[in-house]
Amino acid sequence: MSGVNEIRSAFLNYFATNGHEIVPSSPLVPRNDPTLMFTNAGMVQFKNVFTGIEKRPYQRATSSQKCVRAGGKHNDLDNVGYTARHHTFFEMLGNFSFGDYFKERAIELAWNLITKDYALAKDRLLVTVYSEDEEAAKLWKKIAGLPDSKIIRIATSDNFWQMGDTGPCGPCSEIFFDHGDKIPGGPPGSPDEDGDRFIEIWNLVFMQFDQSAPGQRTPLPKPSIDTGMGLERIAAVLQGKHDNYDIDLFVALIRQIAELTGADPQGPQKASLRVIADHLRASSFLISDGVLPSNEGRGYVLRRIMRRAMRHGQLLGAKEPLMYRLVWALVREMGQAYPELVRAENLIEETLKLEETRFRKTLDRGLTILDEKSASLKKGDMFDGETAFRLT
């Protein structure tokens with residue numbers, strides 16, 4: 001069990017076997033939360049269930065949720081391609097309890113999955129708990145047998161989750177994987193925690209309070225569970241990789257980009273290959289969920305993502321539109337899990353091709369103006385206002 005598709009299926013099947021309803025991913029455009037530009041976490045589609053507004057015929061659920069973080073508060077766009085774990089599009093694996101089981105069962109389910117089904121070495125795992133959550137610390141010791149040195153108490157908001165200024169909230173517990181001492185970095189809570197050695201792979205949120213005002217919390221009548229584990233991160237761990245872009249899914253996409261451009265996946269243009277692979281996923285899934293490029297709102301974010309990828313395609317020497325020629329490779333890798341990609345394949349290709357054709361014309365026109373206007377400038381001169389406006 002090493003491929004992304006197998007890892008996803010194993011997660012969902014494990015929780016289905018343990019009494020959870022497998023719930024399909026909701027669209028990237030939230031149906032029930034006008035405050036969000038895009039779905040950015042697995043719990044978004046269950047928000048009204050957690051608050052009691054909505055009732056569903058099940059009390060336990062599991063999902064692999066499509067997520068985008070490329071606009072607003074959660075914006076990772078500029079980091080993509082240059083780090084090991086930033087993405088605009090990613091999948092969030094999760095299990096949820098709506099007033100059914102709570103901390104003990106959530107910890108037990110998580111620990112058994114990663115140490116038995118996923119067979120991660122226990123000595124490479126450690127956890128964090130909220131500093132005031134003594135119950136969770138005791139449960140990790142009881143269920144996982146972890147020593148105190150591997151149960152790290154965190155006093156900050158990193159280990160206390162809130163839906164907003166008011167509403168359901170509670171402490172959380174994060175599971176970290178140790179990639180080994182060859183990689184710099186220290187454990188969470190240490191001065192070197194920003195290093196890449198210890199990587200969070202799963203966050204268990206224990207929703208047990210209702211916050212009515214700052215500092216005013218009352219216990220929820222039915223505490224709930226909301227967890228999130230990045231599929232790309234756990235795939236890297238299970239495949240013995242430290243970098244998300246080295247997992248089978250990205251290797252397949254990057255290989256196809258390299259074949260079309262002649263770029264070396266491990267050469268100086270590596271970042272451009274990664275940008276295109278990541279942005280291909282985000283663009284294709286957004287289009288399949290009904291978002292089209294425009295100059296405002298969600299369409300503007302999509303256009304930014306697309307054009308950033310297209311610019312990197314030009315840096316790789318692509319003389320003709322590139323991204324639409326990669327859609328089939330994405331559908332091959334992810335179409336089985338997300339049939340909406342298959343249904344929208346032609347639309348995705350047409351949209352990408354049209355946008356890249358327009359972008360190339362715009363870029364060529366701008367470069368022509370730049371060349372013409374800069375030819376007469378002396379060192380230290382500035383463009384006139386009209387030219388500057390035309391180039392923006």
Side-chain angles (χ1 to χ4, degrees), residues 8-26 30-33 39-65 67 91-118 127-130 132-144 159-164 166-175 201-212 217-231 234:
R8 184 194 302 108
S9 295
F11 182 94
L12 297 174
N13 291 336
Y14 170 82
F15 281 102
T17 301
N18 283 280
H20 294 66
E21 179 81 10
I22 298 178
V23 180
S25 171
S26 64
R31 295 183 178 126
N32 61 348
D33 193 340
T39 299
N40 58 19
M43 63 78 60
V44 170
Q45 70 163 308
F46 302 116
K47 182 175 180 179
N48 288 341
V49 183
F50 282 122
T51 58
I53 297 174
E54 179 186 351
K55 300 293 183 183
R56 297 201 183 183
Y58 46 80
Q59 289 183 292
R60 302 181 178 192
T62 185
S63 67
S64 182
Q65 176 63 51
C67 299
E91 294 180 72
M92 187 67 82
L93 302 170
N95 61 287
F96 309 89
S97 166
F98 311 113
D100 186 22
Y101 62 83
F102 198 43
K103 291 181 187 178
E104 183 167 8
R105 184 59 175 154
I107 290 172
E108 183 180 48
L109 286 167
W111 188 251
N112 286 340
L113 174 65
I114 60 177
T115 61
K116 295 180 180 179
D117 291 54
Y118 284 167
V127 302
T128 63
V129 296
Y130 185 55
E132 300 175 19
D133 192 0
E134 192 60 34
E135 180 187 9
K138 290 179 179 178
L139 286 170
W140 277 114
K141 186 177 293 188
K142 169 189 170 184
I143 295 167
N159 277 71
F160 195 91
W161 180 90
Q162 293 179 255
M163 187 177 289
T166 61
C169 61
C172 55
S173 191
E174 298 169 323
I175 304 173
I201 57 173
W202 205 348
N203 188 17
L204 315 180
V205 177
F206 310 128
M207 258 188 259
Q208 64 184 98
F209 301 111
D210 179 43
Q211 181 155 310
S212 55
R217 296 175 186 146
T218 55
L220 289 170
K222 291 185 176 181
S224 297
I225 293 293
D226 159 27
T227 85
M229 175 162 62
L231 177 56
I234 190 63

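Because only heavy atoms are used, hydrogens play no part in the values below, and waters and symmetry mates are left out as well, while side chains stay in. Source: prediction; values computed, not measured.
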The criterion is salt bridge (charged side-chain N to carboxylate O under 4.0 Å, His left out); which residues satisfy it with [X], sequence neighbours excluded?
X: Lys141; result: Asp148
X: Glu21; result: none
X: Lys103; result: Asp133, Glu135
X: Lys222; result: none

If you measure from [atom1] on [X] to [atom2] on [Y], what distance do you get to the nearest 0.5 Å?
X: Ile107; Y: Leu139; atom1: CD1; atom2: CG; answer: 4.5 Å
X: Leu204; Y: Ile175; atom1: CG; atom2: CD1; answer: 5.0 Å
X: Phe15; Y: Asn95; atom1: CZ; atom2: CG; answer: 3.5 Å
X: Ile225; Y: Phe50; atom1: CD1; atom2: CZ; answer: 8.5 Å
X: Ile201; Y: Met229; atom1: CD1; atom2: CE; answer: 6.5 Å

Just by modelled atom types, is the [Y] backbone N or O under 3.5 Å from a matching donor or acceptor in the [X] side chain?
X: Asn159; Y: Cys172; result: yes
X: Ser97; Y: Ser224; result: no
X: Ser63; Y: Pro24; result: no
X: Ser26; Y: Gln45; result: no
X: Thr62; Y: Gly94; result: yes

Tell me every residue that passes ring-ring contact (aromatic ring centres under 6.0 Å, His included) with [X], counting only those two or more places apart in sequence or in another chain.
X: Phe160; result: Tyr130
X: Phe46; result: Phe96, Phe98
X: Trp161; result: none

*Verify the distance criterion only: is there a donor paired with an acceptor across the side chains of Tyr118 and Asn112 at less than 3.5 Å?*
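Side chains of Tyr118 and Asn112: no pair found under 3.5 Å.
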*asked:* Ignoring hydrogens and geometry beyond distance, is a side-chain donor-acceptor pair present between Thr218 and Asp210 at under 3.5 Å?
replied: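 No pair is found: no donor N or O on one side chain lies under 3.5 Å from an acceptor on the other.
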Within a strict 4.5 Å, meaning less than it, do heavy atoms of the [X] and [Y] side chains meet?
X: Pro223; Y: Phe209; value: no
X: Phe206; Y: Asp226; value: no
X: Cys169; Y: Arg217; value: yes

*Could you tell me whether Glu104 and Lys142 have a side-chain N and a carboxylate O separated by less than 4.0 Å?*
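Looking at Glu104 and Lys142, the cut-off is met.
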*Determine, stepwise, if the pair Leu220 / Gln208 fulfils side chain to side chain contact (heavy atoms under 4.5 Å, CB included).*
CA-CA 5 Å; Leu220 289 170; Gln208 64 184 98; 5.6 Å; no
What residues, two or more places apart in sequence or in another chain, satisfy side-chain hydrogen bond (donor to acceptor under 3.5 Å, both in side chains) together with [X]?
X: Asp100; answer: Arg60
X: Arg105; answer: Asn18, Glu108
X: Trp202; answer: Thr227
X: Ser64; answer: Glu91, Tyr338

*asked:* With a 6.0 Å cut-off (strictly less than), is the heavy-atom count around CZ of Arg56, excluding the residue itself, greater than 12?
replied: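 Result for CZ/Arg56: enclosed.
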Looking only at heavy atoms, which two atoms of [X] and [Y] are closest? And how far apart?
X: Cys67; Y: Met92; answer: SG-CB, 3.9 Å
X: Ala41; Y: Gln65; answer: O-CG, 3.8 Å
X: Gln59; Y: Gly99; answer: NE2-O, 4.4 Å

*asked:* Going by side chain to side chain contact (heavy atoms under 4.5 Å, CB included), name the residues that satisfy it together with Pro30, two or more places apart in sequence or in a different chain.
replied: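 If we apply the side chain to side chain contact (heavy atoms under 4.5 Å, CB included) test to Pro30, skipping adjacent residues, the hits are Asp33, Leu36, Thr39, Val44, Arg298.
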*Centres of the Phe11 and His20 rings: under 6.0 Å?*
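No, the ring centres sit 6.0 Å or more apart.
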